[in-house]
Amino acid sequence: MDIITDIILRAGRSAVELALFVLLPVMVVMLSLMRLLEAKGVLDRLVHVLAPALRPAGLTGLGVFAALQINFVSFAAPIATLTMMESRGASDRHLAATLAMVMAMAQANAAFPMIAMGLDFGLTLALSVVGGLVAAAVTYHGFARGLSAVEGQLDETLHHRVAEDAKGVLDVINRAGAEAFKIAVGAIPMLVLSLVAVMALRTSGAVDLLTRVLAPALTAVSIDPALILPTLTKYLAGGTAMMGVMDDMLRAGSASVGMLNRSAGFLIHPLDVPGVAVLISAGRRVAGVWKPAALGAGVGILARTAGHALLG
């Protein structure tokens with residue numbers, strides 16, 4: 001019983017420290033910056049410039065905005081955009097391409113805090129864009145080719161707050177801070193549960209046993225066996241939980257910054273059980289195209305994985 005209590009307390013302490021002292025400050029700054037750029041109309045102009053160039057990849061103006069949200073806000077931010085696309089008449093084919101892009105890209109709520117752990121954010125962002133575009137293109141022109149391409153009267157106007165004076169700027173910053181606090185605090189339960197599970201598996205020897213069984217095969221293809229634990233955590237519990245496990249491994253010396261950067265391509269994205277469950281909640285039609293979108297996202301993640309392995 002003492003062992004279980006000790007595991008819970010250590011996991012709780014690590015989760016709270018990670019959420020409040022790493023995730024929260026980073027998300028407050030980045031969300032405030034993003035919301036200010038949004039309120040000043042900078043993002044609107046950026047979307048207007050990029051949308052025509054990205055349309056051949058199956059992305060609309062709202063799809064470009066979803067890409068900005070996943071990379072600079074959080075994995076859950078594009079839900080509102082996907083819902084907007086569905087309600088405004090985007091075709092199933094465009095919905096699938098946009099969902100594939102989102103699932104293949106690096107989510108900001110994991111990527112930004114991991115900068116403090118040594119993540120090369122510039123490389124991660126560049127390969128995130130490449131992987132997202134690959135995912136969107138192969139989905140639109142391949143996996144989702146059989147879906148309906150019929151669109152309604154599509155309204156791509158972005159509705160958001162404006163910041164025309166000092167009061168408006170402060171209002172945007174306060175709302176961004178509240179949003180960041182909600183994200184950070186909301187991450188604590190999953191972080192605690194995942195760290196408890198990981199620590200329990202370590203204490204019981206299950207992780208060591210699994211590593212010994214899989215190590216020869218992984219070593220033969222030049223994959224570090226230490227990646228078994230964060231990979232299992234990521235795909236079963238999500239990116240935030242993986243971030244907590246990776247932070248714990250880095251502190252313990254069982255993982256390195258080099259390993260983190262080489263593995264970022266297949267560890268930092270929302271194509272996992274919790275991520276897919278959250279994203280498909282955007283709407284009935286979005287949920288209906290998740291299979292071709294997931295296949296396309298897999299191709300995009302493969303491209304990112306190759307890029308990180310070569311350049312990380």
Side-chain angles (χ1 to χ4, degrees), residues 11-12 14-16 18-19 22-24 26-27 31 66-67 69-83 95-96 98-114 119 124 128 131-132 135 179-201 227-249 263-284 286-298 300-301 304-305:
S14 296
V16 171
L18 184 60
V22 177
L23 181 58
L24 180 59
V26 172
M27 293 309 297
L31 271 173
Q69 289 176 312
I70 184 75
N71 282 289
F72 294 101
V73 182
S74 78
F75 87 97
I79 294 173
T81 302
L82 288 167
T83 301
L95 282 174
T98 303
L99 181 59
M101 175 200 67
V102 169
M103 290 194 293
M105 284 183 153
Q107 74 263 45
N109 57 294
F112 282 129
M114 292 182 84
L119 180 69
T124 301
S128 174
E179 188 179 351
F181 186 79
K182 183 178 179 181
I183 291 172
V185 173
I188 291 176
M190 184 58 75
L191 283 171
V192 172
L193 290 174
S194 62
L195 289 174
V196 166
V198 167
M199 290 179 182
L201 288 171
L227 286 170
I228 292 173
L229 182 57
T231 301
L232 284 174
T233 305
K234 186 266 176 303
Y235 285 95
L236 294 177
T240 304
M242 178 278 299
M243 179 178 65
V245 171
M246 185 63 78
D247 181 59
D248 187 56
M249 290 175 66
S263 62
F266 68 90
L267 286 181
I268 306 178
H269 57 78
L271 185 59
D272 48 51
V273 174
V276 171
V278 170
L279 288 171
I280 64 175
S281 68
R284 179 184 58 81
V286 174
V289 301
W290 81 267
K291 289 181 180 179
L295 291 172
I301 291 167
R304 287 185 57 209
T305 299

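Considering only residues two or more places apart in sequence or on other chains, S74 meets the side-chain hydrogen bond (donor to acceptor under 3.5 Å, both in side chains) condition with none of them. Residues passing the ring-ring contact (aromatic ring centres under 6.0 Å, His included) test with F266, sequence neighbours excluded: none.
Between I70 atom CD1 and F75 atom CZ the span is 8.0 Å, to the nearest 0.5 Å. Note: L227 CG to K234 NZ = 13.5 Å, rounded to the nearest 0.5 Å. With rounding to the nearest 0.5 Å, the separation of CG in D272 from OG1 in T231 is 12.0 Å. Atom-to-atom distance recorded for F112:CZ and L119:CG is 10.5 Å, nearest 0.5 angstrom. A distance of 6.5 Å separates OG1 of T98 from CG of L82, quoted to the nearest 0.5 Å.
N109 contributes no side-chain N or O that, together with a main-chain N or O of V73, makes up a donor-acceptor pair within less than 3.5 Å. Between the N71 side chain and the A67 main chain, a donor and an acceptor come within less than 3.5 Å of each other. Under a 3.5 Å cut-off, the side chain of S128 and the backbone N or O of M105 do not form any donor-acceptor pair. Under the 3.5 Å distance criterion, the side-chain polar atoms of Q107 are matched with a main-chain donor or acceptor of H269.
Residue F181 qualifies as open at atom CZ: its count of foreign heavy atoms under 6.0 Å is 12 or below.
Scanning all heavy atoms of the two residues, the minimum distance from I301 to A104 falls at CG1-CA, 3.9 Å. The minimum heavy-atom distance between P274 and G238, with the atom names listed, is CG-N, 3.8 Å. Of all non-hydrogen atoms in G265 and T305, the two that sit nearest each other are C-OG1, 3.7 Å. Closest heavy-atom contact between V102 and A66: CG2-CB, 4.1 Å. A282 approaches T83 most closely through the heavy-atom pair O-OG1, 2.8 Å. What you find for A135 and A100 is that their closest heavy atoms are CB-O, 3.6 Å.
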Could you check V286 against L279 for side chain to side chain contact (heavy atoms under 4.5 Å, CB included), going step by step and ending with a plain yes or no? CA-CA 8 Å; V286 174; L279 288 171; over 6 Å; no
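In this structure, the side chains of I280 and V289 stay at 4.5 Å or more apart for every pair of heavy atoms. For the pair I268/M242, a side-chain contact is recorded, criterion being any heavy-atom separation below 4.5 Å from C-beta on. At a threshold of 4.5 Å between non-hydrogen side-chain atoms, the residues M246 and L267 count as touching.
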